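Report on one structure; see the data block that follows.
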Number of protein chains: 2
Amino acid sequence: MRELVLDLLLEQNVALSLSEIEDKFDQADRSTLYRTLKTFEENKVIHSVDDGSGMIKYAVCKDTCSCNPSELHAHFHCVKCKKTYCLTDVPVPEVNLPHGFSIDYVNLVVKGVCVNCRK
Amino acid sequence: MRELVLDLLLEQNVALSLSEIEDKFDQADRSTLYRTLKTFEENKVIHSVDDGSGMIKYAVCKDTCSCNPSELHAHFHCVKCKKTYCLTDVPVPEVNLPHGFSIDYVNLVVKGVCVNCRK
DNA sequence: TTGTTTTTGCAACCCGGTTGCATTGTGTAT
DNA sequence: ATACACAATGCAACCGGGTTGCAAAAACAA
Ligand SMILES: [Mn+2]
Ligand SMILES: [Mn+2]
Ligand SMILES: [Zn+2]
Ligand SMILES: [Zn+2]
């Protein structure tokens with residue numbers, strides 16, 4: 001199962017949700033896929049994206065993606081097709097916080113219309 | 001009810017979730033509060049924040065907050081106390097998207113430890 | 001007072017995420 | 001080959017935030 005899920009994610013150019021992955025396989029159990037994704041994430045094979053759609057999306061980590069706070073990238077969520085893209089070329093910005101606040105992680109999600117839906 | 005909710009939100013320096021608002025009142029119905037928040041949001045009295053905690057937070061719009069895409073601000077979510085602050089001084093950055101992508105909205109959430117939890 | 005509109009309360013539903021537990025499968029040592 | 005230990009899977013149920021339909025109550029207007 002893990003091999004199948006990993007292969008599926010590798011051939012995507014967008015991040016997939018648990019439900020979407022579920023739909024790609026005819027007879028796969030939701031909880032198995034759920035735990036597979038959790039395992040992948042813990043082992044830094046994939047990273048999760050909270051695009052605000054209510055469903056967490058997952059994408060494979062590229063070579064450059066060590067998921068360090070210093071090298072996080074932005075994500076794009078298309079409001080039409082609901083697809084979520086990794087903007088690996090768009091690093092999250094430096095943020096000047098009020099005094100006393102410390103940063104662990106930055107989530108930058110851009111919402112709009114993707115190139116495929118722009119016709 | 002609306003007056004009470006608005007007063008509550010006005011005296012906060014953080015954004016509140018529906019559940020948190022529910023807890024502040026002893027005998028208020030969840031759906032009433034829910035619809036109150038929706039009404040406020042539609043009328044641009046408050047704005048919602050998706051901080052990735054799973055609960056949408058709400059905060060009153062300040063004078064400068066017209067909720068235009070051009071003047072959105074970042075938000076800070078404390079991983080310890082779970083409070084979410086409006087960083088009204090931190091505008092969301094310009095983002096250079098791949099060709100063909102258009103921007104509707106940008107969500108920038110910084111996670112870390114807030115000044116109160118930093119002791 | 002009467003009729004109309006808005007707000008509220010209640011209950012139920014939806015859906016993604018999550019978990020407990022028994023079953024199945026895999027891998028290893030004897 | 002067998003027996004055991006451990007990991008992965010399937011199933012069912014649960015959780016919690018969000019959402020909705022509908023009838024009762026409250027606010028408004030004629
Ligand atoms: Mn990504
Ligand atoms: Mn805000
Ligand atoms: Zn699209
Ligand atoms: Zn805090």
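Remember, predicted model here, so these are calculated numbers, not experimental data. Every chain is numbered from 1, with letters handed out A, B, ... down the list of sequences.
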Checklist outcome for this item: To the nearest angstrom, the CG-P distance between A:Leu37 and C:dT19 comes to 14 Å
Next on the checklist: Can you give me the closest heavy-atom contact between A:Pro91 and A:Asp89, atom names plus distance?
Outcome noted: CD-O, 3.2 Å
Checklist entry - Which nucleotide in the set C:dT8, D:dG17, C:dG16 lies at the smallest distance from any side-chain heavy atom of B:Thr32? => result C:dT8
Checklist entry - Taking atom P of C:dG17 as reference, at what distance in whole Å does atom CG of A:Leu16 sit? => result 13 Å
Checklist outcome for this item: Separation of D:dG10 atom P from A:Phe25 atom CZ, nearest Å, is 12 Å
Checklist entry - What's the CD-P distance between B:Glu22 and C:dG9, to the nearest Å? => result 12 Å
Checklist entry - Nearest to the side chain of A:Thr36 - D:dT9, C:dT7, D:dG17? => result D:dT9
Checklist entry - How long is the line joining CG of B:Leu33 and P of C:dT7, in whole Å? => result 14 Å
Item to check | Carboxylate-amine/guanidinium proximity below 4.0 Å for B:Asp51 and B:Lys57 | outcome: yes
Next on the checklist: Ignoring hydrogens and geometry beyond distance, is the side chain of B:Arg35 in donor-acceptor contact with the base of D:dG18 at under 3.5 Å?
Outcome noted: no
Checklist outcome for this item: Of the candidates D:dG17, D:dG10, C:dG16, the side chain of B:Met55 sits closest to D:dG17
Checklist entry - How close or far is atom P of C:dG25 from atom CZ of A:Arg2, stated in whole angstroms? => result 16 Å
Next on the checklist: Can you see if the side chain of A:Lys38 gets near the phosphate of C:dG17 - specifically, an N or O under 4.0 Å from OP1 or OP2?
Outcome noted: no
Checklist entry - Can you check the B:Asp29 CG to C:dT6 P distance for me, whole Å? => result 20 Å
Checklist entry - Is a donor-acceptor contact shorter than 3.5 angstrom present between the side chain of A:Ser31 and the base of D:dC11? => result yes
Checklist outcome for this item: Atom NZ of A:Lys57 and atom P of C:dG17 are separated, to the nearest Å, by 10 Å
Checklist entry - Say you draw a straight line from OG of A:Ser17 to CD1 of A:Ile56; how long is it, rounded to the nearest 0.5 Å? => result 10.0 Å
Next on the checklist: Parallel, tilted or perpendicular: which one describes the rings of A:His47 and A:His75, with boundaries at 30° and 60°?
Outcome noted: tilted
Checklist entry - When the nearest nucleotide of DNA chain C is assigned to A:Tyr58 and to B:Gln27 on a heavy-atom basis, which residue is associated with the more 5' position? => result B:Gln27
Checklist entry - So does A:Tyr34 get a side-chain nitrogen or oxygen closer than 4.0 Å to the phosphate oxygens (OP1/OP2) of C:dG17? => result no
Checklist entry - Taking all non-hydrogen atoms of both residues, which atom of A:Tyr85 and which atom of A:Asn13 are closest, and how far apart? => result CD2-O, 3.9 Å
Checklist entry - Reckon B:Arg30 touches a base, only the sugar-phosphate, or nothing at all at heavy-atom distances under 4.0 Å? => result base
